Amino acid sequence: MSAGLRTPPTSPGARLLGLGSFRPEQVVTNDDLAERVQTDDAWIRSRVGIAERHIAGPDTSLPDMAVAAGRAALTDAGLDPADLDAVVVATCTMPNPIPNAAAQVADRLGAVGVGAFDVNTACAGFCYGLGLANDMVRAGTARYVLVIGAEKLSDWVDWDDRSTCIIFADAAGAAVVGPASEADIGIGPVSWGSAGDHATTIRILGETTNKLHQEGQTVFRWATGEIAPIALDAIARSGLEPADIDVLIPHQANLRIVEAIAKRLRAKGAREDMVVADDIVTTGNTSSASIPVALDHMRTAGRVRSGDTMLLVGFGAGLSYAGQVVICP
Ligand code: UT7
């Protein structure tokens with residue numbers, strides 16, 4: 001007869017303890033891009049909302065950016081790397097599938113020997129990683145988890161394709177997740193899913209250029225139609241109403257998509273004074289990094305305050321999507 005297996009002590013919930021981000025120094029303006037492809041500043045601003053973006057040089061790798069953002073989040077949380085039990089890196093732009101990013105990022109941070117793995121759900125990656133970290137902490141698998149979204153999209157962009165090179169950029173953003181008591185739970189249940197029937201709409205053209213290709217209009221229509229209901233589901237799973245949301249941070253794919261999601265949430269009761277992220281204007285679309293980078297920038301700018309109720313929702317290649325309500329640390 002089996003003696004039965006032991007499981008670790010669980011936690012009532014989890015919360016965000018610290019935030020950090022990193023953007024490479026080099027700024028590329030719309031005018032810079034117009035020197036290479038047929039485009040102009042007015043088109044990019046009006047159709048996508050981007051004024052400039054940051055691009056990493058050859059000496060800055062994806063793990064370099066992830067380490068910088070992760071270190072900043074640990075400092076913000078007041079924790080040492082040795083306190084971590086796991087490192088999760090959300091990314092879809094490692095130069096090669098092997099090795100993963102997380103093991104080397106953990107090691108370089110000084111979180112030696114911890115559980116470390118990558119999550120590839122593209123622009124939904126940070127919210128997927130946060131959902132996993134939340135569950136790991138609640139289940140007692142880990143006490144402190146570092147979740148990083150890091151992308152070096154510039155390696156995968158066709159710089160002669162005006163429909164994509166104007167959008168994507170490089171960055172990393174991070175959050176430390178730790179245990180919470182019943183009274184201060186700060187991460188709500190994740191609402192996530194996938195639409196694999198749309199798999200070819202955003203992909204690497206492996207058979208030809210090995211560069212990123214996107215069916216922009218198709219993805220635009222999908223995002224403006226399908227993502228607001230996911231956001232509303234995340235609110236409902238947390239036991240809240242749309243009017244409870246102080247801050248909306250959707251993946252920074254296109255400012256028109258962000259505004260369309262905000263409009264649909266307001267039609268369902270979200271407040272007019274709900275703060276809506278527009279970090280894409282100066283950061284571009286950085287896939288899995290866009291949500292934590294926007295969050296960190298908004299907090300630094302004083303647009304988001306400790307204790308604010310924030311709705312995060314990511315969506316992109318896969319197609320994949322995920323969202324949850326979190327409390328700002
Ligand atoms: O982050 C992952 C998830 N991704 C997304 O959510 C992206 C969703 N899609 C989008 O954000 C938009 O579809 C894009 C920004 C990619 C494109 O904007 P659009 O308003 O949907 O443009 P379009 O693709 O319908 O193209 C309209 C016109 C075309 O010209 P014609 O065929 O009408 O003559 C394009 O060739 O705009 C042209 N065009 C450009 N013109 C100037 C495409 N790119 C550019 C450009 N500058 N950079």
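Remember, it's 1-based here, ligands and their atoms both numbered in the order they're listed. Owing to the predicted nature of the structure, the values given are computational and were not obtained by experimental measurement.
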Contact atoms of ligand 1, heavy-atom distance to [X] under 4.0 Å:
X	answer
Ala253	1 (O), 5 (C), 6 (O)
Asn254	10 (C), 11 (O), 12 (C), 15 (C)
His251	1 (O), 2 (C)
Ser163	44 (N)
Val48	15 (C)
Ile166	48 (N)
Asn285	1 (O)

Please find the pair of heavy atoms, one from Ala180 and one from Pro12, that lie closest to each other, and give the distance.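 Heavy atoms of Ala180 and Pro12 come nearest at O-CD, 3.4 Å.
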For atom 25 (O) of ligand 1, what is the nearest protein heavy atom, given as residue, atom name and distance?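 The protein heavy atom lying closest is Gln217 NE2, 2.8 Å.
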Which residue holds the protein heavy atom closest to atom 4 (N) of ligand 1, what is that atom called, and what is the gap in Å?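 Here the nearest protein heavy atom works out to Gln214 OE1, 2.8 Å.
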Any side-chain donor near an acceptor of the partner, [X] and [Y], under 3.5 Å:
X	Y	answer
Asp161	Ser163	yes
Glu151	Thr91	yes
Asn30	Arg53	yes
Thr309	Asp244	no
Arg23	Thr283	yes

Of Trp222, Trp43, Phe220, which has the heavy atom at the shortest distance from atom 17 (C) of ligand 1?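 Closest candidate by heavy-atom distance is Trp43.
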Given Arg47, Gln38, Arg162, which has its nearest heavy atom closest to atom 48 (N) of ligand 1?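 Residue with the shortest heavy-atom distance to the ligand atom: Arg162.
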Looking only at N/O atoms, are Asp40 and ligand 1 under 3.5 Å apart anywhere?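 Between Asp40 and ligand 1, no N or O pair is found under 3.5 Å apart.
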Could you tell me whether Gly216 and ligand 1 have an N or O pair separated by under 3.5 Å?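 There is such a contact, yes.
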Return a yes/no value: protein heavy atom under 4.0 Å from [atom]?
atom	answer
atom 6 (O) of ligand 1	yes
atom 10 (C) of ligand 1	yes
atom 36 (O) of ligand 1	yes
atom 32 (O) of ligand 1	no
atom 21 (O) of ligand 1	yes

Between Asp40 and Ala42, is there a donor-acceptor pair closer than 3.5 Å when you use the side chain of the first and the backbone of the second?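 Yes, the answer is positive, given that a donor and an acceptor are paired below the 3.5 Å cut-off.
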Donor-acceptor pair, Arg162 side chain versus Gln38 backbone, under 3.5 Å?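 Yes; at least one donor-acceptor contact below 3.5 Å.
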Using 4.0 Å as the upper bound for N to carboxylate O, is an ion pair formed by [Y] and [X]?
X	Y	answer
Asp76	Arg299	yes
Asp246	Arg271	yes
Arg143	Asp83	no

Would you mind telling me if ligand 1 is within reach of the side chain of [X], the backbone, both or neither, using heavy atoms under 4.0 Å?
X	value
Cys123	side chain
Thr39	both
Ile257	side chain

Decide side chain to side chain contact (heavy atoms under 4.5 Å, CB included) for Phe168 and Thr286; before the verdict, give the C-alpha distance in whole Å, the side-chain angles of both, and the deciding distance to 0.1 Å. CA-CA 6 Å; Phe168 294 110; Thr286 58; over 6 Å; no
Less than 4.0 Å is my threshold; does some heavy atom of Ile167 fall inside it relative to ligand 1?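 Under 4.0 Å: yes for Ile167.
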Trp192 and Tyr321: aromatic ring centres closer than 6.0 Å?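 Between Tyr321 and Trp192, which both carry aromatic rings, the centre distance is not below 6.0 Å.
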